[in-house]
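Here is the structure we will look at, set down as structure tokens.
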Amino acid sequence: MAWTSYQLLLAGMMLTTGSINTLSAKWADNFNAKGCNGSESHQFQHPFLQAVGMFLGELSCLAVLYILICRNRSSPVPTIEPSQPFNPLLFLPPALCDMTGTSIMYVALNMTSASSFQMLRGAVIIFTGLLSVAFLGRKLEWSQWLGIFITIAGLVVVGLADLLSGPGAGRNLSDVITGDLLIIMAQIIVSIQMVLEEKFVYKHNVHPLRAVGTEGLFGFVILSLLLIPFYYIPAGGLSNSERPVLEDSLDAFCQIGNQPLIFLALLGNIISIAFFNFAGISVTKEISATTRMVLDSLRTVVIWVVSLALGWETFHALQILGFIVLLLGAALYNGLHKPLMCRRCRGESEETQGLLQGERRDPINSDA
């Protein structure tokens with residue numbers, strides 16, 4: 001069945017904003033600007049402040065939801081079901097996981113390439129699958145176990161490509177290894193978030209935009225408050241600002257003032273995360289969850305191509321192999337093979353029925 005114009009718009013929005021989300025964060029990281037008090041120009045490396053911006057984008061999903069609710073009230077055919085009463089504190093544990101995982105990933109993005117960052121996030125399949133067996137009592141099918149093992153193989157290939165291409169792209173080898181490991185570690189936390197949401201949140205039939213927005217509210221408030229102690233906690237070599245602390249927010253704002261394009265990159269990150277969440281939820285509703293998974297995989301290709309075009313990273317054939325292997329693993333885990341197998345089974349069934357009908361007709365034809 002052909003897609004409608006609205007479905008095409010949603011798919012394009014999800015692919016575009018999902019790609020902008022990672023690319024704008026990496027663009028901000030690539031800037032060098034002077035800090036406060038005329039300090040020397042240095043790299044914009046403020047992952048926790050960037051995470052606050054991401055949560056601000058998630059928080060804006062509540063505004064989108066209220067706009068949809070207002071439209072729904074004036075519509076003759078309501079499309080949004082009335083929300084059931086729920087305790088907002090249910091979203092606190094998943095929000096803390098989201099906050100921790102996102103912050104770690106932004107730290108890692110400073111150390112590795114945007115395409116590897118996006119590809120290695122596929123590791124979430126492994127940990128989500130294992131945790132769902134342990135804590136949700138779920139039984140995985142053989143295709144899901146196979147998808148997990150193939151995903152592990154894909155991660156090894158992508159990691160190897162990073163090791164081989166990292167020095168050539170001007171990145172420190174130890175930073176690349178640390179960055180890749182941090183991304184994988186963050187996926188463990190993200191998978192815990194997913195299991196918590198499924199166990200405690202989804203049974204309350206909360207609208208997805210309300211869920212994203214509420215988690216964004218908790219993440220934004222808590223991480224914004226944490227920026228105060230982070231300003232005084234020593235970080236040693238992890239920070240490249242004049243004050244080697246965990247997060248020098250004042251230095252970040254000074255750099256933004258001295259290089260306005262950093263603000264543009266951060267704004268792109270905030271806006272894109274809001275539209276990406278809305279488009280992703282709408283694609284699942286209007287088309288299918290399978291389409292959402294395919295589009296999410298395609299944005300890895302977009303990020304990789306744009307990064308190569310801008311000279312942010314160098315080409316390595318192993319990355320193509322790694323992406324294909326990861327895509328295969330994700331497809332098997334998410335059951336993308338099932339429609340193909342069903343079609344094949346249906347075709348074989350129709351062919352068998354045709355043969356049986358032919359066998360029934362043969363005696364008649366021979367008598368004639």
Side-chain angles (χ1 to χ4, degrees), residues 14 17-18 21 47-75 78-106 124 127-128 131-132 134-138 186-230 247 249 266 269-286 289 292:
M14 181 182 169
T17 55
N21 180 240
F48 297 101
L49 189 68
Q50 284 178 292
V52 169
M54 193 217 71
F55 283 117
L56 181 60
E58 287 189 359
L59 174 59
S60 64
C61 287
L62 286 178
V64 175
L65 175 65
Y66 291 129
I67 292 170
L68 292 176
I69 290 172
C70 291
R71 283 184 58 189
N72 186 66
R73 284 172 183 164
S74 59
S75 174
T79 55
I80 300 177
E81 295 179 8
S83 180
Q84 295 178 353
F86 68 96
N87 185 353
L89 290 177
L90 282 172
F91 291 96
L92 182 56
L96 291 173
C97 290
D98 194 9
M99 182 185 73
T100 308
T102 300
S103 299
I104 292 172
M105 282 191 281
Y106 276 123
V124 72
F127 306 112
T128 304
L131 289 174
S132 66
F135 296 103
L136 300 178
R138 182 170 297 151
Q187 302 320 300
I188 300 174
I189 299 168
V190 172
S191 63
I192 294 171
Q193 174 194 345
M194 290 180 172
V195 170
L196 286 171
E197 286 174 342
E198 185 163 345
K199 192 171 180 67
F200 300 109
V201 176
Y202 290 161
K203 63 183 179 182
H204 291 277
N205 193 28
V206 180
H207 193 283
L209 284 174
R210 189 185 297 277
V212 172
T214 307
E215 287 185 14
L217 174 62
F218 280 122
F220 178 75
V221 172
I222 294 170
L223 195 53
S224 295
L225 292 173
L226 285 174
L227 289 179
I228 299 170
F230 284 178
E247 181 58 276
S249 301
L266 297 178
N269 188 255
I270 293 168
I271 295 172
S272 64
I273 196 67
F275 279 97
F276 176 67
N277 278 296
F278 168 73
I281 290 163
S282 300
V283 163
T284 302
K285 181 183 176 183
E286 298 288 335
R292 183 175 182 176

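These numbers were taken from a predicted model, which means no experiment stands behind them. Scope of the values below: all heavy atoms of this structure, side chains included, with no hydrogens, waters or symmetry mates.
A274 approaches G57 most closely through the heavy-atom pair CB-O, 3.3 Å. Taking each heavy atom of A95 and F218 in turn, the nearest pair found is CB-CB, 3.6 Å. The two residues C97 and Q193 come nearest to each other via the heavy atoms CB-CB, 3.6 Å. Nearest heavy-atom pair, L209 versus L62, reported as atom, atom and distance to 0.1 Å: O-CD2, 4.4 Å. Across every non-hydrogen atom of I104 and A186, the tightest pair is CG2-CB, 3.9 Å.
F135 places a side-chain heavy atom less than 4.5 Å from the side chain of V195. M54 is not listed as a side-chain neighbour of Q50, based on a closest heavy-atom distance of 4.5 Å or more. Between F127 and I189 the shortest side-chain heavy-atom distance does not fall below 4.5 Å. At a threshold of 4.5 Å between non-hydrogen side-chain atoms, the residues R210 and Y66 count as touching. In this structure the side chain of F91 never reaches within 4.5 angstrom of the side chain of D98, judged on heavy atoms.
Between atom CD1 of residue I188 and atom OG1 of residue T100 there is a gap of 13.0 Å, rounded to the nearest 0.5 Å. Going from atom CG of L223 over to atom CG of L96 covers 10.5 Å, rounded to the nearest 0.5 Å. Annotation: the span from F220 atom CZ to M99 atom CE amounts to 13.5 Å, rounded to 0.5 Å. Rounded to the nearest 0.5 angstrom, L266 CG and I271 CD1 are separated by 11.0 Å. Taking CD of E215 as the start and CD of E197 as the end, the distance is 4.5 Å to the nearest 0.5 Å. Annotation: the span from L217 atom CG to L92 atom CG amounts to 10.5 Å, rounded to 0.5 Å.
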Q: Begin with the C-alpha distance, continue with both residues' side-chain angles, and end with the deciding distance and a verdict on side chain to side chain contact (heavy atoms under 4.5 Å, CB included) for F55 and I222.
A: CA-CA 10 Å; F55 283 117; I222 294 170; over 6 Å; no
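Between the side chain of S272 and the backbone N or O of N269 there is at least one donor-acceptor pair closer than 3.5 Å. The backbone N or O of I273 sits less than 3.5 Å from a side-chain atom of N277, completing a donor-acceptor pair. A donor-acceptor distance shorter than 3.5 angstrom exists from the side chain of E247 to the backbone of L49, with no hydrogens or angles considered.
For F275, the CZ atom is loosely surrounded, since the number of other residues' heavy atoms within 6.0 Å does not exceed 12.
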